[in-house]
Amino acid sequence: MTLTAPAPPVPADTAKRPVRGPRSRTGTSAWTPWLYLLPALAVLGALLVYPVYQLGLISFLEYTQAQVSGGEPTSFQGLGNYTALFADPQFRQVLLATVVFAAACVAGTLAVGCALAVLLTRVRALPRLALMLAALGAWATPAVTGSTVWVFLFDADFGPVNKLLGLGDFSWTYGRYSAFALVLLEVVWCSFPFVMVTVYAGIRAVPTEVLEAAALDGASQWRIWRSVTAPLLRPILAVVTIQSVIWDFKVFTQIYVMTGGGGIAGQNLVLNVYAYQQAFASSRYSLGAAIGVVMLLILLAVTLVYLRLLRRQGEEL
């Protein structure tokens with residue numbers, strides 16, 4: 001017969017001890033990070049959530065100058081503003097132009113930024129410093145100032161670009177496509193430094209052993225970028241792509257300044273300028289708010305789809 005030692009007595013206060021929350025590997029509570037983020041979340045909630053709520057609320061109301069001045073009561077319209085918006089052929093045309101223009105700006109910004117980031121890794125210290133300073137200068141230039149300078153450079157009468165290219169008195173802002181091309185160049189000029197600096201930092205973080213191994217295997221520089229560097233930079237490229245989509249889709253200042261408020265007969269309108277015209281020029285604030293909600297939903301959809309595609313490829317962001 002085998003004798004077993006009696007079990008140690010259980011403390012009487014064990015059942016009364018509070019159940020603690022889960023702890024991480026470092027021994028801290030799972031709620032600790034959220035406590036540190038709470039002040040920032042409170043500020044973001046006050047600066048972002050409430051304005052978005054007001055924007056959505058106004059988009060469901062009849063809110064014009066008559067309601068603002070108190071001459072007429074505010075009435076609930078439901079989806080009436082959105083129905084009128086999508087029934088307007090000009091809105092559909094502006095939406096298509098905005099999507100195409102933003103896609104061209106994003107492609108141009110990423111191409112120029114990535115190419116110059118690779119160039120920074122190939123040049124010596126002094127040219128690299130000069131290029132970085134020039135790029136940061138373009139990045140720091142206010143949008144209004146940069147747009148005004150570009151309009152002067154391409155001016156039909158006094159601009160040096162027309163003289164260098166021998167275009168005479170050709171007006172870049174008169175034609176629809178030439179005006180969009182001019183604005184595209186300015187947007188790429190003021191946006192590529194962010195991509196360049198971010199991608200350059202990512203390239204510097206790539207282990208040199210991996211690049212040397214690819215070079216020893218006989219891979220060309222283009223093959224090394226496409227098969228080695230770009231996959232390692234995919235999370236960084238995802239960030240700069242999403243940022244570029246958001247910035248370029250809601251371009252306002254460059255279009256408004258360089259085309260005089262949207263071009264001749266509104267041929268260069270984008271959604272942000274069109275919303276401004278509807279809300280403030282026509283005093284149809286509810287319709288302008290509806291355009292803002294549509295832009296917000298489009299940007300959210302594009303961002304979520306892009307992140308979902310990256311997660312399907314096994315990328316951690």
Side-chain angles (χ1 to χ4, degrees), residues 44 47-49 51-52 54-56 58-59 81-82 85-86 88-114 138-139 141-144 146-147 150 176-177 179-196 198-199 236-259 261-263 266-280 287-310 317:
L44 288 177
L47 298 179
L48 181 63
V49 175
V52 171
Q54 286 292 332
L55 182 72
I58 293 175
S59 68
N81 292 320
Y82 294 95
L85 191 64
F86 284 98
D88 184 6
Q90 186 181 15
F91 169 77
R92 297 195 296 268
Q93 179 182 359
V94 172
L95 176 60
L96 177 61
T98 304
V99 172
V100 174
F101 175 74
C105 289
V106 172
T109 302
L110 293 178
V112 174
C114 291
W139 194 12
T141 303
V144 175
S147 301
W150 274 75
R176 183 187 185 193
Y177 297 107
F180 269 128
L182 180 60
V183 178
L184 185 146
L185 291 175
E186 200 279 336
V187 171
V188 172
W189 173 77
C190 68
S191 302
F192 83 86
F194 169 74
V195 178
M196 184 191 72
T198 307
V199 175
I236 294 178
L237 293 176
V239 172
V240 296
T241 300
I242 293 173
Q243 288 279 9
S244 299
V245 169
I246 294 174
W247 289 342
D248 296 339
F249 192 82
K250 60 184 186 66
V251 165
F252 174 83
T253 305
Q254 290 87 344
I255 289 285
Y256 193 85
V257 173
M258 300 178 71
T259 65
Q267 63 181 3
N268 296 114
L269 284 175
V270 292
L271 282 179
N272 239 354
V273 180
Y274 185 62
Y276 175 83
Q277 289 185 353
Q278 294 296 324
F280 297 101
L287 197 60
I291 298 174
V293 172
V294 171
M295 292 179 60
L296 176 63
L297 295 177
I298 292 175
L299 289 175
L300 285 177
V302 171
T303 303
L304 293 177
V305 169
Y306 191 75
L307 293 178
R308 185 177 181 84
L309 291 176
L310 289 177
L317 299 179

Looking at side-chain heavy atoms only, is the closest gap between [X] and [Y] below 4.5 Å?
X      : Y      : answer
Val183 : Phe101 : yes
Leu237 : Cys114 : yes
Val293 : Tyr82  : yes
Val294 : Phe91  : yes

- Given the rule in the side-chain contact (heavy atoms from CB on, under 4.5 Å) test, do Val187 and Trp247 qualify, once you have shown the distances and angles that lead to the verdict? CA-CA 10 Å; Val187 171; Trp247 289 342; over 6 Å; no
- Query: Any side-chain donor-acceptor pair under 3.5 Å between Asp88 and Tyr274?
  - Reply: yes
If you take all heavy atoms of [X] and [Y], which pair is closest and at what distance?
X      : Y      : answer
Ser147 : Glu186 : N-OE2, 3.7 Å
Cys105 : Val188 : O-CG2, 4.0 Å
Leu299 : Thr303 : O-OG1, 2.8 Å
Asn81  : Ser59  : ND2-O, 2.7 Å
Val195 : Gly113 : CG1-CA, 3.9 Å
Val251 : Val270 : O-CG2, 3.4 Å

- Please test Leu44 against Val49 for side-chain contact (heavy atoms from CB on, under 4.5 Å), starting from the C-alpha separation and ending with a verdict. CA-CA 7 Å; Leu44 288 177; Val49 175; over 6 Å; no
Let me confirm one number: the [atom1]-[atom2] distance from [X] to [Y], rounded to the nearest 0.5 Å.
X      : Y      : atom1 : atom2 : answer
Leu269 : Gln277 : CG    : CD    : 5.0 Å
Leu271 : Leu96  : CG    : CG    : 10.5 Å
Gln254 : Leu185 : CD    : CG    : 12.0 Å
Tyr306 : Thr241 : OH    : OG1   : 4.0 Å
Leu95  : Phe86  : CG    : CZ    : 7.0 Å
Thr109 : Asp248 : OG1   : CG    : 5.0 Å

- Message: I'd like to know if the side chain of Asn268 and the backbone of Arg176 have a donor-acceptor N/O pair within less than 3.5 Å.
- Response: yes
- Query: Has the side chain of Asn272 got a donor or acceptor atom that lies under 3.5 Å from a matching backbone atom of Lys250?
  - Reply: yes
- Phe280 vs Tyr276 aromatic rings, parallel, tilted or perpendicular, using cut-offs 30° and 60°? tilted
- Query: Should we count CZ of Phe249 as having more than 12 external heavy atoms under 6.0 Å?
  - Reply: yes
- Can the ring centres of Trp139 and Phe192 be said to be less than 6.0 Å apart? no
